[in-house]
Amino acid sequence: MTGGRGARTACDDGGLRSAVVVNPVKVADPDRLRRTVNDALAAAGWPEPLWYETTVEDPGRGQTEAAVEAGVEVVFACGGDGTVMSCVSGLVGTDVALAVLPQGTGNLLAANLGLSTDLAAGLQVAIERGRRLLDVGEVDGHYFTVMAGMGFDAQMLAATSEATKARIGWPAYVVGAARHLRDRPMRVSIRVDDRPPVRRRARSVLVANVGRLQGGIRLLTEAEPDDGWLDVAVLTPRTLRHWLSLGWAVIRGRGRVPRMEVFRGRRVIVTASRAQPRELDGDLIAPGRRLRAVIRPKSLWLCVPQPERARDLAVDAERAAERGEELVEEARRE
């Protein structure tokens, strides 16, 4: 493999061995997906990938570990946030790279890569072999690449139906968010590394490795995926007016966001006065009073649109998407 800082090297002796870990529930036409992926990889000179389907009992980690054991060099995660998170758990600490093939309304990691729901772009990014060695966060033995959260963000996810997401895409989360804007704040204690804890009445606490939300909106402008730090955003809006000013500042990309404090550390413990909804990378986990996150530096190889060190993982995503469409069309003609 070739590329800038953080890229692995590989001999130019043909395509890479790969596997697709797919959530069949998220795919409208599995046969067409399989043909598209197989044909596009063949057109690029890659061998036919192994295929694994997720199950309710195993949403992807076991299948990913089986693919690694089989000797693949790239694992394509094809599904929603839960599928991607499970594949990450099977790849942390290995030399096998993760590529994202988003389905449905996409997912948080795809949003940070600028891939949206573009299958062709996801294939092209992997084929071009741009790689970044990323940090990941760990919560109770589970891993996240984007962010973990407690409070409002998890409430929003719980209030957003799959049917609404399928119908209107990521804006469905706005509908879910509106249902909880006036909920009472939670009392939290936030301890970052060995510093004294800070106490706040917060609506949401986000522990982030990278900074984009659904829809590609950048919340944390200083967060970098491989700097060895977690960025902690504490959101404290209390009125509808506070929410509007916070949201407007985020959308406009302002450096300073009202009603949001940011801390940075390698270990973060958030303790609430009562059990709160929690999430990892847009996927709900069991509610709890505590969210304990630590950084695992440089432990996941990720296929990215371009490999140079940059704060934004989505650099060159648009052009990769164009090249991907050309590849898929060429494969279909052949």
Side-chain angles (χ1 to χ4, degrees), residues 108 135-158 177 180-213 217-251 253-282 284-297 311:
L108 276 176
D135 307 331
V136 299
E138 182 178 356
V139 173
D140 300 333
H142 300 281
Y143 300 101
F144 64 92
T145 55
V146 181
M147 62 182 66
M150 172 186 277
F152 173 77
D153 55 305
Q155 287 177 319
M156 174 189 70
L157 293 170
H180 292 283
L181 289 179
R182 297 184 182 275
D183 288 3
R184 62 176 176 149
M186 57 184 179
R187 295 181 183 274
V188 293
S189 168
I190 304 161
R191 187 179 183 93
V192 180
D193 294 334
D194 295 322
R195 286 170 251 165
V198 297
R199 292 174 172 81
R200 297 288 186 270
R201 287 173 58 85
R203 290 302 316 280
S204 185
V205 180
L206 298 168
V207 182
N209 185 40
V210 290
R212 287 185 188 271
L213 304 173
I217 298 170
R218 193 167 184 84
L219 177 69
L220 292 157
T221 57
E222 298 302 313
E224 295 189 42
D226 48 11
D227 60 0
W229 296 96
L230 293 168
D231 290 76
V232 185
V234 184
L235 278 59
T236 59
R238 296 189 182 182
T239 67
L240 182 58
R241 184 174 180 178
H242 290 165
W243 277 115
L244 290 173
S245 61
L246 186 156
W248 183 240
V250 170
I251 291 170
R254 289 183 175 176
R256 183 181 178 279
V257 177
R259 296 286 168 174
M260 185 176 85
E261 289 180 275
V262 179
F263 304 92
R264 176 171 282 191
R266 292 183 170 87
R267 300 185 313 278
V268 181
I269 302 175
V270 184
T271 306
S273 58
R274 63 185 189 276
Q276 298 291 335
R278 304 181 304 165
E279 57 91 8
L280 299 181
D281 278 356
L284 290 168
I285 60 174
R289 288 188 57 230
R290 180 170 291 186
L291 185 73
R292 183 189 288 111
V294 297
I295 194 73
R296 290 278 301 269
R311 185 170 292 137

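Note: hydrogens, waters and symmetry copies are ignored here, and every other heavy atom, side chains too, is used.
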Distance (rounded to the nearest 0.5 Å) between H242 NE2 and R259 CZ: 3.5 Å
Shortest non-hydrogen contact from V139 toward A148: CG2-CB, 4.3 Å
Non-hydrogen atoms of M260 and A233 that approach each other most closely: SD-CB, 4.0 Å
Verdict with reasoning, L235 to V205, per side-chain contact (heavy atoms from CB on, under 4.5 Å): CA-CA 6 Å; L235 278 59; V205 180; over 6 Å; no
R264 side, atom CZ; D231 side, atom CG - distance, nearest 0.5 Å: 4.0 Å
Any donor-acceptor N/O pair, R289 side chain to A272 backbone, under 3.5 Å: yes
side-chain hydrogen bond (donor to acceptor under 3.5 Å, both in side chains) contacts in which one or both residues fall within residues 196-210, not counting sequence neighbours: D153-S204, R200-E261
side-chain contact (heavy atoms from CB on, under 4.5 Å) assessment of L220 paired with V262: CA-CA 9 Å; L220 292 157; V262 179; 3.8 Å; yes
side-chain contact (heavy atoms from CB on, under 4.5 Å) between E279 and L291, intermediate numbers included: CA-CA 10 Å; E279 57 91 8; L291 185 73; over 6 Å; no
Distance flag, aromatic centroids of W229 and F263, threshold under 6.0 Å: no
Distance in Å, D281 CG paired with H142 NE2, rounded so as to fall on 0.5 Å steps: 12.5 Å
Salt bridge D140-R278, side-chain N to carboxylate O under 4.0 Å: yes
Sub-4.5 Å side-chain heavy-atom contact between R212 and V146: no
W243 side chain reached by W248 side chain, heavy atoms, under 4.5 Å: no
Heavy-atom closest contact (Q155 atom, P277 atom, distance): CG-CG, 3.4 Å
side-chain contact (heavy atoms from CB on, under 4.5 Å) partner of I295, the single match among V207, L230, V268: L230
For V294 against R267, the heavy-atom pair lying closest together: CG1-CG, 3.9 Å
G228 versus D135, closest heavy-atom pair with distance: N-OD2, 2.7 Å
4.5 Å side-chain heavy-atom contact, M186 and M150: yes
Heavy-atom pair of closest approach, residues E224 and V210: C-CG1, 4.4 Å
From CA spacing to verdict: side-chain contact (heavy atoms from CB on, under 4.5 Å), V188, T271: CA-CA 5 Å; V188 293; T271 306; over 6 Å; no
Neighbour count >12 (heavy atoms, 6.0 Å) for atom CZ, R241: no
Side-chain touch L206/V232, heavy atoms, less than 4.5 angstrom: no
Within 6.0 angstrom of R184 CZ, more than 12 heavy atoms from elsewhere: no
